[in-house]
Protein chains: 2
Amino acid sequence: MESRIDRIKKQLHGASYKLTPQREATVRVLLENEEDHLSAEDVYLLVKEKAPEIGLATVYRTLELLTELKIVDKINFGDGVSRYDLRQEGAAHFHHHLVCIECGAVDEIQEDLLEDVEAVVEKRWNFQIKDHRLTFHGICWRCNEKHAAEEKNKEEKNRE
Amino acid sequence: MESRIDRIKKQLHGASYKLTPQREATVRVLLENEEDHLSAEDVYLLVKEKAPEIGLATVYRTLELLTELKIVDKINFGDGVSRYDLRQEGAAHFHHHLVCIECGAVDEIQEDLLEDVEAVVEKRWNFQIKDHRLTFHGICWRCNEKHAAEEKNKEEKNRE
DNA sequence: TTATTTAATGATAATAATTATCATTAAATA
DNA sequence: TATTTAATGATAATTATTATCATTAAATAA
Ligand SMILES: [Mn+2]
Ligand SMILES: [Mn+2]
Ligand SMILES: [Zn+2]
Ligand SMILES: [Zn+2]
């Protein structure tokens, strides 16, 4: 974890930026909530708990900077706010997302899965792919299981 | 074209909405600019040319309605505005996009390409896919060709 | 038809996310 | 130490979108 911070520090230095206390606090919040998809406001509130003097503008600026350096990815799930997602270290591409239209959960797919598709796109459309965004909208495994259980229950009642 | 409007009219009626003159004017603008990716404001300005009395709120409402009925898809390319895209008639899923990071062009891929990936996601993640968004970011064929031409030019100069 | 209810519209106010501004502070450098 | 530069925090400005509400159009009932 500390090493992760160190590596991010080096990435910043490499682009001649400093890891100021505010920036570090922001990065820590992102690391501590890696599985979430926080908005700038979300990050701001969490950072404030540990560094109450920080300003919202600084959080926006830091998130913008981290996006520029491809340390985080900015993503929009269509709810009117941008969300920020730590990129897996060394990942060539952004990971994929599963958005549940029933419960709102957002799950992640770290596997690439797109290698073949990208090969086709690069060749057939002569498009040099640098990154991508792939989001599936549908019903998550939790909701699916819940429905299956309900279904089973109903059948049992019917048999009585 | 007229038949396309008629079918949309029927879709609206099927959900007990009317195709009012304002709604029709909005749909026509979308049909006439099918290859574009217009924002609500863009649509508003274009509709105004033919139906100057229309209000911005009505355009927003119409676009929302059309999205609900899956006649258009709402998409966000990360530039802070929602864009509206007519769905291909009878298409199960939204088409894909190629966003050029050099010239800003947005091209479309109508082919599915994701069948295999979706089969994997449905099975391995027990996720019931209803729709998706897939956008590639990179360098478009026009910019690629331009670079190739420049490269060739430079080589020729060198040989002299 | 005319009266009445309902749906849709247009103008505009309100909201909310993001960006810009600017004075202040911290850090780096001379 | 003095000076330049980078970063910050407060807050104003901007902008896309949504909410409100009076008015109009359409559908329906009488
Ligand atoms: Mn994610
Ligand atoms: Mn499109
Ligand atoms: Zn769910
Ligand atoms: Zn291009």
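Proteins get letters first, then strands, A, B, ... in listed order; numbering begins at 1 in each. All values reported here derive from a predicted model rather than from experimental measurement. Below, all heavy atoms of this structure are taken into account, side chains as well, without hydrogens, waters or symmetry copies.
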Rounded to whole Å, please give me the gap between [atom1] in [X] and [atom2] in [N].
{"X": "B:R83", "N": "D:dT17", "atom1": "CZ", "atom2": "C1'", "value": "15 Å"}
{"X": "B:L19", "N": "C:dA7", "atom1": "CG", "atom2": "P", "value": "18 Å"}
{"X": "B:K18", "N": "D:dA25", "atom1": "NZ", "atom2": "C1'", "value": "7 Å"}
{"X": "A:R23", "N": "C:dA26", "atom1": "CZ", "atom2": "C1'", "value": "12 Å"}
{"X": "B:E24", "N": "C:dT9", "atom1": "CD", "atom2": "P", "value": "12 Å"}
{"X": "B:L12", "N": "C:dA7", "atom1": "CG", "atom2": "P", "value": "15 Å"}
{"X": "B:D79", "N": "C:dT18", "atom1": "CG", "atom2": "P", "value": "13 Å"}

Worksheet item: Which pairs, with at least one residue in residues 20-57 of chain B and sequence neighbours excluded, count as a ring pair (Phe, Tyr, Trp, His ring centres under 6.0 Å)?
Response: B:H37-B:F77, B:H37-B:H97
Worksheet item: What's the closest nucleotide to the B:V81 side chain, out of D:dA16, C:dA8, D:dA7?
Response: D:dA16
Practice prompt. Specify the residues of residues 40-49 of chain A, ordered by number, for which at least one heavy atom lies under 4.0 angstrom from an atom of DNA chain D.
Written response: none
Fill in: Close approaches to DNA chain D from residues 52-76 of chain A, in residue order (heavy atom, under 4.0 Å)
A:E53, A:I54, A:G55, A:A57, A:T58, A:R61
Is it the case that the side chains of [Y] and [X] hold a donor-acceptor pair, with the cut-off being a distance below 3.5 Å and no angle test?
{"X": "A:D73", "Y": "A:H95", "value": "no"}
{"X": "A:D42", "Y": "A:S39", "value": "yes"}
{"X": "B:H147", "Y": "B:E102", "value": "yes"}

Response to the item:
Value for NE2 (A:H96) from CZ (A:R133), rounded to nearest 0.5 Å, stands at 11.5 Å
Worksheet item: Would you say a side-chain N or O of B:T20 is under 4.0 Å from OP1 or OP2 of C:dA7?
Response: no
Worksheet item: Does a side-chain N or O from A:Q22 land closer than 4.0 Å to OP1 or OP2 of D:dG9, or not?
Response: yes
Discussion item. Can you give me the closest heavy-atom contact between B:D131 and B:F94, atom names plus distance?
Written reply: OD1-N, 3.3 Å
Discussion item. Checking A:H93 now: which residues fulfil ring pair (Phe, Tyr, Trp, His ring centres under 6.0 Å) with it, not counting sequence neighbours?
Written reply: A:H132
Response to the item:
Between A:G80 and B:S16, whichever has its closest DNA chain C nucleotide further toward 5' is B:S16
Discussion item. Please determine whether residues B:L134 and B:I75 belong to a single hydrophobic cluster, defined as Ile, Leu, Val, Met, Phe, Trp and Tyr linked transitively by side-chain heavy-atom distances below 4.5 Å.
Written reply: no
Worksheet entry | salt bridge (Lys or Arg N to Asp or Glu O under 4.0 Å) contacts touching residues 138-152 of chain B (sequence neighbours left out) | B:D107-B:R142
Worksheet entry | Angle by which the axis turns from one end of the helix from C:dT1-D:dA30 to C:dA30-D:dT1 to the other, five pairs per end, to 10 degrees | 10°
Practice prompt. Check every strand shown and say whether B:S82 touches a base, only sugar-phosphate, or nothing at a heavy-atom separation below 4.0 Å.
Written response: sugar-phosphate
